[in-house]
Protein chains: 2
Amino acid sequence: MKELPIIQPNEHIDFASYVQQFKALADEKRLIIMNILTRNGKTCVCDLEVEVNLPQSKLSYHLKILYKAGFIHKETKGTWSYYWINEDVVNSILSEDLCCLFRPN
Amino acid sequence: MKELPIIQPNEHIDFASYVQQFKALADEKRLIIMNILTRNGKTCVCDLEVEVNLPQSKLSYHLKILYKAGFIHKETKGTWSYYWINEDVVNSILSEDLCCLFRPN
DNA sequence: TTCATTCATCAAAAAAATTTGATTTAAAAA
DNA sequence: TTTTTAAATCAAATTTTTTTGATGAATGAA
């Protein structure tokens, strides 16, 4: 026989994954990255480095945050890494009004 | 005769207001507030205090961040303050998939 | 007027996120 | 093999955000 979960008076839904996603977008450098990937499609880190004008370790740091939040895909080929927008995830969070800025459609 | 703006090689669009908006959503307490206002409509601070279970100064701090980002309206009547969702702003940022969680429709 | 209530604000402390520069890893080229 | 290149990771320093508890402002009631 299953126990019913005990609901405390002020317990709330768990928004942890939404927090992680909004945090990922809450930084100008990461929005610039999202914008470039939205406009350019799949791009390798070395090209991004030039476009966003960020030192490599900083760019890596920010890409990881976007990746962990699910907003971008990643593929490695040899020594190159390519990143591109995960449209499903982006569309599930962002308004279509943001089309072409941070989401491709 | 007007000067054309000088565009630097790696200048980017200014995303400052988007950053402010995503920052406002990038906190669990503030998402809980958004969720309550989405479900309950216009609510006074004293009632919110009970619902979100936050000390008054903390709640004030978080409401101000949501307010400055444009996500909520505010009205003061006597000593009471009421807050409610600014649907236009919320809808311009958040996907309709988030209906009923952080946007009312 | 005095008192109580609601809410905003403040400054200091604490916690979390970002930057920085160096190092490491892995793959490809010489 | 050795060297080079691309990218990830790391620890320390810095910056930003949040928390905390106290104080202040404004309103209305006694």
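The chains referred to below are lettered A, B, ... by the order of the sequence lines, with proteins before strands, and numbering in each begins at 1.
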> Where along residues 61-79 of chain B does a heavy atom come under 4.0 Å from DNA chain D, residue by residue in number order?
Replying inline: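 Under 4.0 Å from DNA chain D: B:Tyr61, B:His62, B:Ile65, B:Gly78, B:Thr79.
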> What residues in residues 24-42 of chain B put a non-hydrogen atom under 4.0 Å from any atom of DNA chain D?
Replying inline: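 Contacting residues: B:Asp27, B:Lys29, B:Arg30.
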> Does the side chain of B:Asn40 pick up a donor-acceptor pair with the side chain of B:Glu51 at under 3.5 Å?
Replying inline: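 Indeed, the side chains of B:Asn40 and B:Glu51 share at least one donor-acceptor pair under 3.5 Å.
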> Going by distance alone, is a donor N or O of one side chain under 3.5 Å from an acceptor N or O of the other, for A:Thr76 and A:Ser81?
Replying inline: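 Checked: A:Thr76/A:Ser81 side chains pair up, N/O donor to acceptor below 3.5 Å.
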> So what does A:Tyr82 touch, heavy atoms closer than 4.0 Å: a base, only the sugar-phosphate, or nothing?
Replying inline: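 A:Tyr82: no heavy atom of the nucleic acid under 4.0 Å.
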> Base, sugar-phosphate, or nothing: which does A:Ser81 touch, judged by heavy atoms less than 4.0 Å apart?
Replying inline: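 Answer is sugar-phosphate: A:Ser81 comes under 4.0 Å of backbone atoms only.
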Between [X] (side chain) and [Y] (backbone), is there a donor-acceptor pair under 3.5 Å?
{"X": "B:Glu28", "Y": "A:Phe15", "value": "yes"}
{"X": "B:Arg30", "Y": "B:Ala24", "value": "yes"}
{"X": "A:Arg103", "Y": "A:Ile93", "value": "no"}
{"X": "B:Asn86", "Y": "B:His73", "value": "no"}

> Do A:Gln56 side-chain and D:dA6 base share a donor-acceptor contact under 3.5 Å?
Replying inline: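 No, no donor-acceptor pair under 3.5 Å.
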May I have the distance from [X] (atom [atom1]) to [N] (atom [atom2]), rounded to whole angstrom?
{"X": "B:Leu54", "N": "C:dA8", "atom1": "CG", "atom2": "P", "result": "13 Å"}
{"X": "A:Trp80", "N": "D:dT5", "atom1": "CH2", "atom2": "P", "result": "10 Å"}
{"X": "A:Glu49", "N": "D:dA6", "atom1": "CD", "atom2": "C1'", "result": "9 Å"}
{"X": "A:Leu48", "N": "D:dA7", "atom1": "CG", "atom2": "C1'", "result": "12 Å"}
{"X": "B:Leu59", "N": "D:dT19", "atom1": "CG", "atom2": "C1'", "result": "14 Å"}
{"X": "A:Lys58", "N": "D:dT14", "atom1": "NZ", "atom2": "P", "result": "15 Å"}

> Just wondering, are more than 12 heavy atoms of other shown residues or ligands nearer than 6.0 Å to NZ in B:Lys42?
Replying inline: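 Counting neighbours around NZ of B:Lys42, more than 12 heavy atoms of other residues, nucleotides or ligands fall under 6.0 Å, so yes.
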> Taking atom OG of B:Ser60 and atom NZ of B:Lys64, what is their separation to the nearest 0.5 Å?
Replying inline: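 The distance works out to 8.5 Å.
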>> Quick check for you: among D:dT20, C:dA22, D:dA7, whose closest atom lies nearest to any side-chain atom of A:Ser57?
In response: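 Of the candidates, C:dA22 comes closest.
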> Can you name the closest pair of heavy atoms from B:Val52 and B:Ile33 and give their distance?
Replying inline: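 B:Val52 and B:Ile33 have their closest heavy atoms at CG1-CG1, 4.0 Å.
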